Amino acid sequence: MDTITFQLINSKVEDYMTTGIRINQCDLRDILSSYEIEQVTDYEDYNMVGAYEGISAFIAFHLHRHFLKETVNEYLQSDNRYTLFEYAHSGIPGEHTVACHIHIYEDRVEWTNFINCSIFLKKCFAYPELKFCFDRQQYEKAIEEITINEIKRLYT
């Protein structure tokens, strides 16, 4: 089983907090970048590798429970995939987005079928083998910890 933790990170675009995701103690953006860098064929696309920031922490944890599949329509992508990251230099949902299916089972949570929805790339990045499986209790505890320890401190 994989492990997951969430963090709060300052946005590069505006004055708000975004969501950082660490899987097996690695930044998910770095994991995605390792797939993306091998797919760059056009120099212009090189600047898009790993150019992400997390979604709004307010939506992810406080107002909604995004990672438990309770979110806003702007963060749902094709085929019911949930947005993990947006383009780091825009803040406009859907411009350069990484999303995946989130499957919640009795004992585990799986993130599968990652896609990159980008209006900027000539060819969108692919993540064919990327899949994560989390113990459901550990997954829910990671969400609870960020909600209790960080979000309440920021928004109350």
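Note that the structure is a prediction, hence the values are computed from the model and not measured.
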Enquirer: Where do Thr3 and Thr5 land on the side-chain contact (heavy atoms from CB on, under 4.5 Å) test, with the steps shown first?
Expert: CA-CA 7 Å; Thr3 59; Thr5 55; over 6 Å; no

Enquirer: Going by side-chain contact (heavy atoms from CB on, under 4.5 Å), His66 matches just one of Ile143, Thr71, Val72, Leu76. Which one?
Expert: Thr71

Enquirer: What pairs with Thr112 under side-chain hydrogen bond (donor to acceptor under 3.5 Å, both in side chains), at least two apart in sequence or on another chain?
Expert: His103

Enquirer: Using the salt bridge (Lys or Arg N to Asp or Glu O under 4.0 Å) criterion, which residues pair with Arg22? Sequence neighbours excluded.
Expert: none

Enquirer: Might you work through the side-chain contact (heavy atoms from CB on, under 4.5 Å) test for Phe85 and Thr19, ending with a clear yes or no?
Expert: CA-CA 8 Å; Phe85 294 108; Thr19 303; over 6 Å; no

Enquirer: Is there a side-chain contact (heavy atoms from CB on, under 4.5 Å) between Leu28 and Trp111 once you walk through the steps?
Expert: CA-CA 12 Å; Leu28 181 54; Trp111 287 10; 4.0 Å; yes

Enquirer: Under the side-chain hydrogen bond (donor to acceptor under 3.5 Å, both in side chains) rule, collect the residues that match up with Asp2, sequence neighbours excluded.
Expert: Asn24

Enquirer: Throw together a table of side-chain donor-acceptor distances under 3.5 angstrom for residues 131-138, partners on residues two or more places apart or in other chains.
Expert:
residue, atom, partner, partner atom, Å
Asp135, OD2, Gln137, N, 3.1
Asp135, OD2, Gln138, N, 3.0
Arg136, NE, Glu140, OE2, 2.7
Arg136, NH1, Tyr105, O, 2.9
Arg136, NH2, Glu140, OE2, 3.2
Gln138, OE1, Ile4, N, 3.2
Gln138, NE2, Ile4, O, 2.7

Enquirer: Under 3.5 Å, side chain of His101 to main-chain N/O of Asp79, donor-acceptor pair present?
Expert: yes

Enquirer: Should the pair Tyr127 and Phe114 be assigned to parallel (<30°), tilted (30 to 60°) or perpendicular (>60°) ring geometry?
Expert: perpendicular

Enquirer: What distance separates Glu53 CD from Met17 CE, expressed to the nearest 0.5 Å?
Expert: 10.5 Å

Enquirer: So which heavy atom on Cys124 is nearest to which on Gln39, and how close?
Expert: O-OE1, 4.3 Å

Enquirer: Are Ile104 and Ile146 connected in a single hydrophobic cluster, I mean Ile/Leu/Val/Met/Phe/Trp/Tyr linked by side-chain heavy atoms less than 4.5 Å apart?
Expert: yes

Enquirer: Let me know which of Tyr82, Tyr75, Phe61, Tyr139 forms a ring pair (Phe, Tyr, Trp, His ring centres under 6.0 Å) with Phe67.
Expert: Phe61

Enquirer: When you measure from the side chain of Ser33 to the backbone N and O of Val49, does any donor-acceptor pair fall under 3.5 Å?
Expert: no

Enquirer: By side-chain hydrogen bond (donor to acceptor under 3.5 Å, both in side chains), which residues pair with Glu38, not counting sequence neighbours?
Expert: none

Enquirer: What distance separates Thr83 OG1 from Glu74 CD, expressed to the nearest 0.5 Å?
Expert: 9.5 Å

Enquirer: Under 4.5 Å between side-chain heavy atoms, hopping through other hydrophobics if needed: is there a path connecting Ile115 to Ile37?
Expert: no

Enquirer: Find out if a path of hydrophobic residues (ILVMFWY) with successive side-chain heavy-atom gaps under 4.5 Å connects Leu130 to Val98.
Expert: yes

Enquirer: Which residues satisfy the side-chain hydrogen bond (donor to acceptor under 3.5 Å, both in side chains) test with Asn73, sequence neighbours excluded?
Expert: none

Enquirer: Just by distance, do the side chain of Thr18 and the backbone of Ile9 share a donor-acceptor pair under 3.5 Å?
Expert: yes

